[in-house]
Amino acid sequence: MGRYVIRRLLQMIPVFIGSTFLIFFMVYALGDPVAALFGDKAPDPATAARIRKDLYLDQPLWKQYLHYMGQIFQGDFGTAFNGQSVTDLMATAFPVTLRLTVVAIVIEIVVGITLGVVSGLRRGKSVDTSLLVLTLIVISVPTFVTGYLLQYLFGVEWGWVRPTVSPDAPFGELILPGIVLALVSLAYVTRLSRTSIAENVKADYVRTATAKGLPRRRVITRHLLRNSLIPVVTFIGTDIGALMGGAIVTERIFNIHGVGYQLYQGILRNNSPTVVGFVTILVIVFLMANLIVDLLYAVLDPRIRYA
């Protein structure tokens, strides 16, 4: 196991370098960030040249990338065009989005797997059909429609929760945004769990456990569910990074100043250091989530071992 972890960590290095260079190249190739600072006004050539030199934009792209990577390894993600450090923006945005992601992940794991087990054990019955139709509807409805609808009903019409989240973003206020963020992923988790349970319920090890006289609950939780969770864990692992980076719509609806909000502002204002810095952290999140998922395989299925 130790050698496998070391090998995977070494494999992450070229993936990280390739991903960050591609992101760096695409963001800085979209347009001139210095020109975006002045809006519709034409910048003074001398002033524009001085700003480019200060931001290291007068160098070739590969030199800019090497300079940027050198700053990252020193803990410096650069400075946004408004003069604020990107590291300070991360310190305020990532904890908020992390709390929102935790709420969404817990909801999709608990509710999604529970519904998937119920549907898989009753395959072909009315409960199974109803859940399949319900999950299809959830997948088909865009997030911004679901978000505005739940915000209006629970926040405005019934007054059960705050329509918008306060700047501190405590867990209690993030439940409704977490539900909105988790709905689509929850539907996929339900379908994956249902399919995996329905396939494994007739497996030999399940029949053997039942024939030995084990209680039905223990057969389902210790044998059937444990071996059926591998595709679900794979999806949830990759979904963690997607939730943290894809919460732009949800954070805009509920006025949450997290990663999605900062990315939206950075793209809107062509603030390249902010966009590149935040996406770099998200790349690391994706890589670590995939490593944890691979290690969980051996925990869920004892037949899986790493040489």
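Computed from a prediction, not measured in an experiment: that's the story for all the values here. FYI, the numbering just counts along the sequence from 1.
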Less than 4.5 Å apart, any side-chain heavy atom of H257 and any of N255?
-> yes
Main-chain N/O of F235 paired with D239 side-chain donor or acceptor, under 3.5 Å | no
Value for CG (L287) from OG (S19), rounded to nearest 0.5 Å, stands at 6.5 Å
Please test Q262 against M90 for side-chain contact (heavy atoms from CB on, under 4.5 Å), starting from the C-alpha separation and ending with a verdict.
-> CA-CA 9 Å; Q262 295 295 342; M90 292 178 179; over 6 Å; no
Note: K125-D128 ion pair, threshold 4.0 Å (strictly below) | no
Does the side chain of L181 reach to within under 4.5 Å of the side chain of I107, using non-hydrogen atoms?
-> no
Is atom OH of Y68 surrounded by more than 12 heavy atoms (other residues, nucleotides or ligands) closer than 6.0 Å?
-> yes
How many angstroms lie between atom OG1 of T135 and atom CG of L186, to the nearest 0.5 angstrom?
-> 9.5 Å
Centroid-to-centroid, F25 to Y65, below 6.0 Å?
-> no
Are V180 and Q151 close enough that some pair of their side-chain heavy atoms sits under 4.5 Å apart?
-> no
In terms of side-chain heavy atoms, does E251 have a donor or acceptor partner in Y261 at a distance below 3.5 Å?
-> no
With a cut-off of 3.5 Å and sequence neighbours excluded, list every side-chain donor-acceptor pair involving residues 162-179.
from : atom 1 : to   : atom 2 : distance (Å)
R162 : NE     : T164 : O      : 3.2
S166 : OG     : E173 : OE1    : 2.8
S166 : OG     : E173 : OE2    : 3.4
E173 : OE1    : S166 : N      : 2.8

